[in-house]
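Quick notes on the structure that follows.
Everything numeric here is computed off the predicted structure, so don't read it as measured data. Keep in mind that the numbers below use all heavy atoms, side chains included, and drop hydrogens, waters and symmetry copies.
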Amino acid sequence: MHRPAPAAVDEITRALLEADIDQALAGLPDDPAAAASAVGFQGFRGDVRSTWSSSSSR
């Protein structure tokens, strides 16, 4: 049986779809390690900007 999602889930989904992730990522420090730390990914290997950018999935 499929049950509809609670209204809160719909609200969160809508907000995530409307978020401008590229604008948020542009505000991160230039250094990849500092950028990773700024978003809570200490020890992350790579650049969070390219990993999470909306253009990286295209």
Result block: side-chain N/O donor-acceptor pairs under 3.5 angstrom for residues 31-39, not counting sequence neighbours:
| residue | atom | partner | partner atom | Å |
| --- | --- | --- | --- | --- |
| D31 | OD2 | A33 | N | 3.3 |
| D31 | OD2 | A34 | N | 2.9 |

Would you mind writing out the side-chain donor-acceptor pairs for residues 6-17 within the sub-3.5 Å range, not counting sequence neighbours?
| residue | atom | partner | partner atom | Å |
| --- | --- | --- | --- | --- |
| T13 | OG1 | V9 | O | 2.8 |

Within the supplied structure, the quantity of interest is the number of heavy atoms (other residues, nucleotides, ligands) at a distance under 6.0 Å from Q23 CD; does it exceed 12?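 No - once you tally the heavy atoms of other residues, nucleotides and ligands closer than 6.0 Å, there are 12 at most.
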Please list, chain by chain and in numerical order, all residues satisfying side chain to side chain contact (heavy atoms under 4.5 Å, CB included) with D30, sequence neighbours excluded.
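In terms of side chain to side chain contact (heavy atoms under 4.5 Å, CB included), with neighbours along the sequence ignored, D30 is linked to no residue.
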